[in-house]
Student: 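Have a look at the structure that comes next, please.
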Amino acid sequence: MVRAYSQEHTYKHPWERVTAASWRKFSDPENKRTLSHILEVDTLSHKLEPDSGKLHTTRALTIHAPGPWFVRKIIGQDMCHCVESTVVDAQSRSMQLTTRNISLQKFIEVEEKIRYDPHPDNPNGWTVCRQETSISIKPFSKLASMAGKIEQKCVEKFQHNSVKGREVMERICKYLEAESSGGISV
Amino acid sequence: MGIMGDKNRPSSSATSPCANFRTAYHNCFNRWYSDKFLKGQWDKMECVSEWDKYRECLSKHLDDKHLSRFLDADGVMDFNNPAQFKSASGVS
């Protein structure tokens, strides 16, 4: 069974500033407290296409994902490892991130896609963020009998984390805006 | 939640062995991204020496089970130089 949901949010900041904020989301100490479920983020690779202005990046995310004790007994651990692949197209002004788990794949498949594009109503001033998440418990795994309940819990958790993520993004955008009006950058 | 509490939570990323190199690389990347890439200067990436030091540190710590998991995942990596990331067990 696959549970999927999508969300959309408008940042009243230009696309350049929002994407710059996205890169800083996990590294600022203040933000680390808000996004405390993200334990480690490492960049694994990057590739720039000089002709097209496309930047491809892969990052490794280690996430603290505790479940109730009976789930932990089955899975045996609290941590989930994910890979985030990002493409930023500076020419067409779009950024896409795809994050999926690479551990616990016997039990669960999670994929989250996020896109940042200039907002159609205000392409130079606002950015629209569209997020799609799908969660699926593997049908023959030991969690299958509780699949519906676990998927629902995951959806609630992810939505809760998305709210925190947006708070962090708004905070960084305001900071970058203040920096730029002080004549520095972005 | 539950009786486990926070006592068993893994340590923060501040204790990662490559944290300093990572921070240096990310700071350089953020500057390049905003000052150059977003302004149309996408002919080359900068921060080469920060990236090299960071990668060298990561390659030394592949035996840390967290990092080797990412290497084992199929079709995930796009390494520029896979040979740099050979672990002790020979996984490349």
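Protein chains get the first letters and strands the later ones, always in sequence-line order, with residue 1 at the start of each.
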Student: Hey, is NZ on K138(A) packed in by over 12 heavy atoms from elsewhere, all under 6.0 Å?
Tutor: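 Result for NZ/K138(A): enclosed.
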
Student: Working to the nearest 0.5 Å, report the span between OG of S16(B) and CG of L39(A).
Tutor: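 So the OG of S16(B) and the CG of L39(A) are separated by 11.5 Å.
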
Student: What residue pairs, at least two apart or across chains, pass ring-ring contact (aromatic ring centres under 6.0 Å, His included) with a residue in residues 94-136 of chain A?
Tutor: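 Of all non-adjacent pairs touching residues 94-136 of chain A, those that pass ring-ring contact (aromatic ring centres under 6.0 Å, His included) are H119(A)-W126(A).
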
Student: Would one find more than 12 heavy atoms of other residues, nucleotides or ligands at under 6.0 Å from atom CD of E132(A)?
Tutor: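 Counting other residues, nucleotides and ligands, CD of E132(A) stays at 12 neighbours or fewer.
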
Student: Could you go through the side-chain contact (heavy atoms from CB on, under 4.5 Å) check for S34(B) and E16(A) one step at a time?
Tutor: CA-CA 8 Å; S34(B) 296; E16(A) 285 73 11; over 6 Å; no

Student: With a 4.5 angstrom heavy-atom cut-off, which part of F37(B) approaches chain A: side chain, backbone, both or neither?
Tutor: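 When you check distances to chain A, atoms from both the backbone and side chain of F37(B) fall under 4.5 Å.
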
Student: Atom OH of residue position Y11(A) - does it have more than 12 heavy atoms of other residues, nucleotides or ligands inside 6.0 Å?
Tutor: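 It does: Y11(A) OH has more than 12 such atoms within range.
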
Student: Return the orientation label for the F29(B) and W23(A) ring planes: parallel under 30°, perpendicular over 60°, tilted otherwise.
Tutor: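 Ring orientation, 0 to 90° scale: perpendicular.
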
Student: Please round to the nearest 0.5 Å and tell me the distance separating atom CZ of R93(A) and atom CG of L38(B).
Tutor: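 Nearest 0.5 Å value for the CZ-CG distance: 9.5 Å.
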
Student: If you look at every heavy atom in W42(B) and S52(A), which pair is closest and at what distance?
Tutor: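 The pair with the smallest heavy-atom distance is NE1-C, 4.3 Å.
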
Student: So which part of Q91(A) gets closer than 4.5 Å to some heavy atom of chain B, the side chain, the backbone, both or neither?
Tutor: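 Q91(A) touches chain B through backbone and side-chain heavy atoms alike.
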
Student: Do other residues, nucleotides or ligands put more than 12 heavy atoms under 6.0 Å from N20(B) CG?
Tutor: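 Atom CG in N20(B) is not crowded, with 12 or fewer foreign heavy atoms closer than 6.0 Å.
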
Student: Is it possible for you to say whether V87(A) and V128(A) belong to one hydrophobic cluster, with membership spreading through side-chain heavy-atom contacts below 4.5 Å?
Tutor: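 Unlinked, V87(A) and V128(A) end up in two clusters.
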
Student: Can you name the disulfide (SG to SG under 2.5 Å) partners of C28(B), sequence neighbours left out?
Tutor: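 C28(B): disulfide (SG to SG under 2.5 Å) contacts with C47(B).
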
Student: Any heavy-atom pair between the side chains of L55(A) and M45(B) that's under 4.5 Å?
Tutor: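 Yes - at least one pair of side-chain heavy atoms lies under 4.5 Å apart.
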
Student: Closest approach of N30(B) and R24(A), non-hydrogen atoms and distance?
Tutor: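 N30(B) and R24(A) have their closest heavy atoms at ND2-CG, 3.6 Å.
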
Student: Can you tell me how far CZ of R55(B) sits from CG of L44(A), rounded to the nearest 0.5 angstrom?
Tutor: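 Going from the CG atom of L44(A) to the CZ atom of R55(B) covers 10.0 Å.
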
Student: Given the rule in the side-chain contact (heavy atoms from CB on, under 4.5 Å) test, do T43(A) and R22(B) qualify, once you have shown the distances and angles that lead to the verdict?
Tutor: CA-CA 8 Å; T43(A) 303; R22(B) 178 172 59 199; over 6 Å; no

Student: For K164(A), look at atom NZ and say whether over 12 heavy atoms of other residues, nucleotides or ligands are found less than 6.0 Å away.
Tutor: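 Yes.
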
